[in-house]
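Below: one structure, written as structure tokens.
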Amino acid sequence: MIKRVLTTCPYCGVGCGFYLDVRDGRVAGVIPSKSNTVSKGYLCVKGWHSHEIVQHPDRLKKPLIKNNGKFKEASWDTALDYVANRLKDIKAKHGSDSLAVCASARCTNEENFLMMKFARAALGTNNIDHCARTCHAATVSGLNQSFGSGAGTNSYDELPFMDCILIIGSNPTEAHPIVGWRVRTAVDNGAKTIVCDPRRILSAESADVHIQHYPGTDIALINAMINFIIRENLHDKEFIEKRTEGFNELEEAVKSYTPESVKDITGVKPELIKKAARIYAASKKSCIMYSLGMTEHTVGTDNVIAMANLAMVTGHVGREFSGVYPMRGQNNVQGACDMGALPNVYSGYQPVADKNARDKFEKAWGVELPARPGLTLTDMIDSAIKGDVKCFYIIGEDQVRTDPDTHMIERALKSLEFLVVQEIFLSETAKMADVVLPGASFAEKEGTFTCAERRIQRVRRAILPISGKTDGDIICEISGRLGYKMEFDSLKVCDEIASLTPLFKGVSFERLEENGLQWPVPEHGHPGTPVVHLGKFTRGLGRFIPLKHKPPAEVPDKEYPFILTTGRMLFHYNTGTMTRRVSNLSREYPHNFVQINPKDAETSGVKNKGRVKVKTRRGELTVAAEVTDKIKKGVLWMPFHFTDEPTNVLTNSAFDPVCKTGEYKACAAKIEKL
Ligand code: SF4
């Protein structure tokens, strides 16, 4: 029997739609959906191969319980009883806040809502967070301060009609290819592009300006652009006057950041900064696209605020064909944030510390809820090492490979009394668990994902769960064993979310059938919101926040003379748990490598394809060198997709004090030829 099931891609935050081709109960292939508004019949290579992970032989099918260091298969009842009893014991002995939950940007909105309900109502703790902490937490905190809402402002479909796209710290053709395709269409339509990246990425090849600034110098660069824009009278005085506050303070703060004065900090010629500033400000329809190259810094929040300052000073936000596009990493990282899988907010960013919000959730859930915000993922690691947090329940997240400073993460997980990991493959984190619970892939569940343009889209079940249970089922069954009954019916959970969350009040499965809806959807029948902050920012007036350049936590010195930065490649995804199991993808790039500029290679004696050791203060890694003039002199670049050669043993866990995101994108390193 053949059936075609319309669903949403499980990889990146673009949110492409396709049909899963199901034959005799097996997912046999992928067929793009022409009517999907996000992907319009196109997919990138990862989407085309996404079916291959569903029935991969490595999929976990039975729960595993560790005994004397070895995993043994167990029945669901045995495993769930065991987990529930251990959670109960730890809670009784050490209190609710000794427990912590890591929710999953790979799971549906409905499952994430249940995870946060489970943490708060069943375990009694606000210690819930997820991988947004390691990617776009700075977007939430930064845009929230500037605009009053921490999500992207405009829609993908506006991109091809822009006059100017400023791409900074983002590699759309590789990391978000279907958005990269829209950028390319804009170029073909005559748009000018400005690419700010220490590497000559594909988008830079066709850019009008390519600014190769040093990693960690974004604020100096953007302040200099603002300085020049004001000096040249290119700022939008009417917009500033009517829609913003704090301009005088900003003007004062950027006075000392002339394009000339930041040359030594950024390594960029003043003429390039002026040209970029002029194009961005003078174009009628200008937007900014950014990603983790901006957020994964000790100044990630400030970087995001700097971009908001630039957008507001030119009036390029709060209307169609403008705005800021934070390109989200994982398929549902936007949704996991929206659902309140965060330590300080319920769904729709309603603060746990707000009594009215808490009262509403307490009444709906029939239980007293903790008022004090919980621990971020970064703080959970720290607390585990200190011995305050005794148990992690990690769902669909390979923290050992994704978080910075791998050795520190391993130390934290080893310090725990009990570690539960819910996963589809035996990841490096799962290997360290006391109990592994086999979760379900996107093809085995009903629900919704929310992509980077705030579009909530349907995910539909193509086959029954391979392990017999979805992630939502597992959470509910453990919750029931803890004495707090929850039911997993994604349609009903969607309705519960709508009833408790003003941003999603008008959302229902029925209304999402065609092409989803972009939140806010404040009423039944509301058409959704393609552009936010129209006429007025969510916070009222947009807020200019003056910023100063602060160097990264580690800067090059005599011993470690290079800046190491990291990024994604087209053929792989995050730590490669899924893509490296797809033969066609793995064949393209089977191993890790480091890019080095020819001049640096010459002085270091490094040959193209030669083996080298990359060292930082946290660890070392032996990989092949790629000698290329695509990378700026003084900078090394590595991808982070390789479990056996894990780049994150090198990266720095120093974090942004506001959003607690680690500084993956800049640390001091050295390279030795072998
Ligand atoms: Fe999937 Fe992203 Fe590729 Fe689209 S661009 S097919 S969402 S990985």
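Predicted, not measured: the structure shown is a model, and the values here were computed from it. Only heavy atoms go into these numbers, but all of them, side chains included; no hydrogens, no water, no symmetry mates. In each ligand, atom 1 is the first atom listed, and ligand 1 is the first ligand listed.
- Excluding water, every protein N/O/S atom under 2.8 Å from atom 3 (Fe) of ligand 1 is given here by residue and atom: C44 SG.
- Ring to ring, H316 and Y280 are close: their centroids are under 6.0 angstrom apart.
- Residues passing the ring pair (Phe, Tyr, Trp, His ring centres under 6.0 Å) test with F571, sequence neighbours excluded: none.
- Note on ring orientation: taking the six-membered ring where Trp is involved, the planes of Y349 and W519 are tilted (angle from 30° to 60°).
- Counting atoms of ligand 1 from 1 in the listed order, those under 4.0 Å from a heavy atom of G15 are 7 (S).
- Cation-pi contact between R580 and F642: absent, since separation from the ring centre below 6.0 Å together with deviation from the ring axis within 45° is not met.
- For D21, the salt bridge (charged side-chain N to carboxylate O under 4.0 Å, His left out) partners two or more places apart in sequence, or in a different chain, are R4, R23.
- Among residues at least two apart or in separate chains, ring-ring contact (aromatic ring centres under 6.0 Å, His included) pairs with a member in residues 165-196 are Y42-W181.
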